[in-house]
Structure formats: C-alpha cells, structure tokens
Novice: 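To start, I am sharing the structure in question, which I have written as structure tokens.
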Protein chains: 2
Amino acid sequence: MSPRRVPVSRRDRPAKPPLSRDGMVAVALRIMREEGLERVTMRRLAGELDTGPASLYVYVRNTAELHGALLDELLADLDGPGTRGWRDELIELLWAYTRMLHGYPSLARSVLTLRPSGPRYLRFFDTVLGLLHAGGVPVRQAAWGADLLLQHATATAAEHGSRDEAVETAGEEEELAAAVREASPDSYPNLARARDELFSGTGEQRTRWALTAIINGLTTT
Amino acid sequence: MSPRRVPVSRRDRPAKPPLSRDGMVAVALRIMREEGLERVTMRRLAGELDTGPASLYVYVRNTAELHGALLDELLADLDGPGTRGWRDELIELLWAYTRMLHGYPSLARSVLTLRPSGPRYLRFFDTVLGLLHAGGVPVRQAAWGADLLLQHATATAAEHGSRDEAVETAGEEEELAAAVREASPDSYPNLARARDELFSGTGEQRTRWALTAIINGLTTT
DNA sequence: ACCTGAACACCGTTCAAGT
DNA sequence: ACCTGAACACCGTTCAAGT
C-alpha cells in the first residue's frame, strides 16, 4: 500500500504574506498583463492572495477603484515628452498612451467612466496641459482641450482594443462593412460616396490624424 | 372556510404571445427606459417573456447584438436635420444624439465597442456625412471626421451619463477635483494654472465647444 | 426549425462574527 | 482595526432533449 497522497495543506505552503493594497495591485497587474482585465475579478484576486473576496474591501472601495489603481501603475511606464516642438511631442505622448491602453481595451472602457485621480495620471494630465501652454494655447482652451484629447485617446483604445475579445468585434466590423457595401446609393448617397474612405488607413494613421485634427481645432476655437 | 386562493397558473393567464425578435426588443426597450440597461439581462427578459433564457438565443447572437438593436430603436426618435447652415445643423444633430444617449449611459458604453450596423444607424451616419459634404469637406476627411464626431458624442454620453450610477461617478469626479485642488503648484504647475477652467462650463457648453472644435479641426487637417 | 430545462462556470458586495 | 466565511442576489451562454 503506497502512502496516501495528502493535499498540500495551509501549513506546508510558504507563509502567506500579509495583505496590502500594493500587494493586491501588483497581483492584479500581473493577471491583467497575462490574461486581460476580464480575469482580474475580486474572487480570482482573493484566491490568488489566499483569502476570501471580502478581505479585499479593506483596501479598495470597489472594482472601479482597483481599475483606477491599475491605470496609474501602467502610466508609470510612459516616457515624458522629448525635445521636439510642442505639437509633435503632444501627438507622440498621446499616441504612446493610446498604444499602451490598446493592449488593455477593457481597462480603457473602465477608465472612460472613471475620472482617474492617481498621482501618475495627474502628472500625465499636467504634461498635456504643459505642452498646450507651450504652444500658446489659452488656459481655458488648454483645459477643455486636454480633456478632449484624453477622452479621444481613451475611447479609441476602448473601441479598437486588440485582445481576444477583438475577435468578436472584428465580426461586427465586418457586418458594418457589409452593410455599407450593400447600402444602395439611392437611399444612402453619402455612405455610397464615402464607401472606400470609411475603412481606409491604418489604426495609427487614423489616430494620428484625429489627434492632429483635434489639436488644430482646439487652438482655433 | 373561505375558498383557498390558488396562485395564478399558466393556463389562467392570457395566452402567451409567440416569441419574436421585435417583441423581444420592444420589451427590452421598455425595461431600459424604465429601469436602465443594467436591468435588461437575458434572464430578466426571458422572465418577462415567460420563457427561459436559452430561448432568446434563437433571435439574437448575444447581448451585444441586443444592445445594437436597442440603439437602432432609440435612433428612430432622432429628428433629421433642419434648414440652417450645415455647420449648425451638424452640431444640432450631434448634440441631440449626445443628449439622447446621455439618458442611457450604459448603452453608450456598449455602443462604443459595438460598430452598430442597424438601418437607423446607417441613416444617421449618412446624414452626418451628407452635412460634411454640404460643407465642402473632401470625402476622406468627411469619412474619418464623421467617425471622429460620432465617437466623441458616444464617449461623452458614456462618460457623463446621468442615471443612478452617476452618483458613484460624482464621487470620483469630486475626488479628482480634490486632487487637482491639492496639487502643489511646484510639482504640477500646469494643473495649478488651469485649476479653475478644468471644471468650468456646463456639460452642454463643453460638448458644443468640443463638437465645434472637432469640426473646425477636421476641415483644416 | 424552434424552443427549453438544466447545467456550467462564474460574478460583486455585504454583514455578522471573529481576532 | 483588520480580517473572513458565508450568504445574498444575481450573471451569460451552451447543450442535449424535446416538439
């Protein structure tokens, strides 16, 4: 009779590190990087931290707050502006932000309704405002414009995110393309005329164009 | 002994109307209008239609498709453009769309990742393209610009939606405001300078300004 | 083809009771 | 104060079996 295999018990495992907000966020970040934000649930996180879901509520008010913390963590990897003209630097910065969020479309969606307020986000916002100021944009247009630019970048990442869920979205994209193709020029003359341009360009080209257009618009409005 | 009250049984109720996609969407629309999109779940809808959730999958592929149908339904209430100049009409149309979606922020969030392709949405898109064309905007800028304008309108509704969930968001808005107030002018000089303008203006003023800025930008980019 | 019961595999959050 | 087991009140989607 071979010795019965007993399941690894609590006391055989390495001592459970004490819970902390930072530890929680670190684990959440790892799960998000490896499997996407969908997998970062309170229950999963609790399991990974060897406790019950209720324990997490000592450190965050709710999932939205956790998502805000994750955004702030990602923002740490964003480089500050370089030394070119304010316009180019601004576009580069916002494009880098868009690219970063593009890898985490679910986070982008969450951020869109979040009003983030972490230190890294404030730094980022300050930099955008600074570049607009450097371009001579009056303070009101700079404030409203920075908001507009960040909203656009976030919404773009949320919309065209590139994780597995994008497979579904690709189906809908195809459905829209088909609907546009089949739209009769009689009832939809403008759609028919714009048919080819509606889906033209790469994501990068369109995003850069949009950022440029918004910057041009806000300086003259 | 008073007659025992028996619960209303299946056969005492009016004959169950046959399921149909239109019937489903109509009930979903009613629930969304009365209680918000959060309450429009497959299970709730099935209960309301006196069937099991599995039955709904005969008519829609998934919840995303249902949300697309709801948007198309709402779009039916949107008036076409009037007779003023293309610019004013375009802003009016997009503002009406924003206002409409503002009442259903969860739907706006869903639409942002949906690529809607319903007939009413195509009509709406065609109208936006038509107004830009009337303004002499070249077809490529019109196509990319229409996309940009619709994305902005949808994202704005998603962001500042006005249902009960807005109570939570108000808390986060307040937290951001507090963070901005407390941001030291030394480490966040641009935030400090823009402090007052960051939260100035009504939602309508800011949305109209943003739409105007984007239109100005896209015509010159 | 259309319809469904039941199951699969999960959720976020709260709360009373512990330490 | 910090932590937790257990419960509350739900989810979307699939699938085999019916009609």
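All values reported here derive from a predicted model rather than from experimental measurement. Proteins get letters first, then strands, A, B, ... in listed order; numbering begins at 1 in each.
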Novice: Without decimals, in angstroms, what is the distance between B:D50 CG and C:dC3 C1'?
Specialist: 13 Å
Novice: When you check the gap from the basic side-chain N to the acidic O, do B:R208 and B:E92 get nearer than 4.0 Å?
Specialist: yes
Novice: Do A:D77 and A:R33 meet the salt-bridge criterion of a basic N to acidic O distance under 4.0 Å?
Specialist: yes
Novice: Determine the Euclidean distance between corresponding C1' atoms of C:dA7 and D:dC11; express it in Å to zero decimal places.
Specialist: 14 Å
Novice: Determine the Euclidean distance between corresponding C1' atoms of C:dC15 and D:dC2; express it in Å to zero decimal places.
Specialist: 15 Å
Novice: Kindly point out which of C:dC11, C:dT13, D:dT13 is positioned nearest to the side chain of B:N62?
Specialist: D:dT13
Novice: Quick check: does any side chain N or O of A:W144 sit under 3.5 Å from a backbone N or O of B:E197, one acting as donor and the other as acceptor?
Specialist: yes
Novice: Figure out the CD/C1' separation between A:E38 and C:dA9, and round it to whole Å.
Specialist: 16 Å
Novice: Heavy atoms within less than 4.0 Å of DNA chain D: which residues of residues 52-61 of chain B have one? Give them sorted by number.
Specialist: B:P53, B:A54, B:Y57
Novice: Is DNA chain D part of any stem, that is, at least 3 consecutive Watson-Crick or G-U pairs with both distances under 3.5 Å, and where?
Specialist: C:4-8 with D:12-16, C:12-16 with D:4-8
Novice: Which is more 5' along DNA chain C, the nucleotide nearest A:R39 or the one nearest A:T63? Just name the residue.
Specialist: A:R39
Novice: Answer yes or no: is there a donor N or O on one side and an acceptor on the other, between the side chain of A:N62 and the main chain of A:E65, under 3.5 Å?
Specialist: yes
Novice: Considering only NZ, NE, NH1 and NH2 on the basic side and carboxylate oxygens on the acidic side, decide whether B:R115 and A:E174 come within less than 4.0 Å.
Specialist: no
Novice: Figure out the CE/C1' separation between B:M24 and D:dG12, and round it to whole Å.
Specialist: 13 Å
Novice: If you only use heavy atoms from C-beta on, which nucleotide in C:dT13, D:dT4, C:dC3 is closest to the side chain of A:R43?
Specialist: C:dT13
Novice: Out of D:dT13, D:dT4, D:dC11, which nucleotide sits closest to the side chain of B:T41?
Specialist: D:dC11
Novice: Looking at A:R39, I'd like to know if its CZ atom is crowded, meaning that more than 12 non-hydrogen atoms belonging to other residues, nucleotides or ligands lie closer than 6.0 Å.
Specialist: no
Novice: Would you mind checking if B:E38 and B:R44 are paired as a salt bridge, meaning a charged N to carboxylate O distance below 4.0 Å?
Specialist: no
Novice: Quantified in whole Å, what is the C1' atom distance between nucleotide D:dC10 and nucleotide D:dA6?
Specialist: 16 Å
Novice: If we ignore hydrogens and angles and just use 3.5 Å, is the side chain of B:R109 paired with the main-chain N or O of B:A158 as donor and acceptor?
Specialist: yes
Novice: Any carboxylate oxygen within less than 4.0 angstrom of a Lys/Arg side-chain nitrogen, looking at B:R195 and B:E182?
Specialist: no
Novice: Rounded off to whole Å, could you give me the CG-to-P distance for the A:L49 and D:dT4 pair?
Specialist: 10 Å
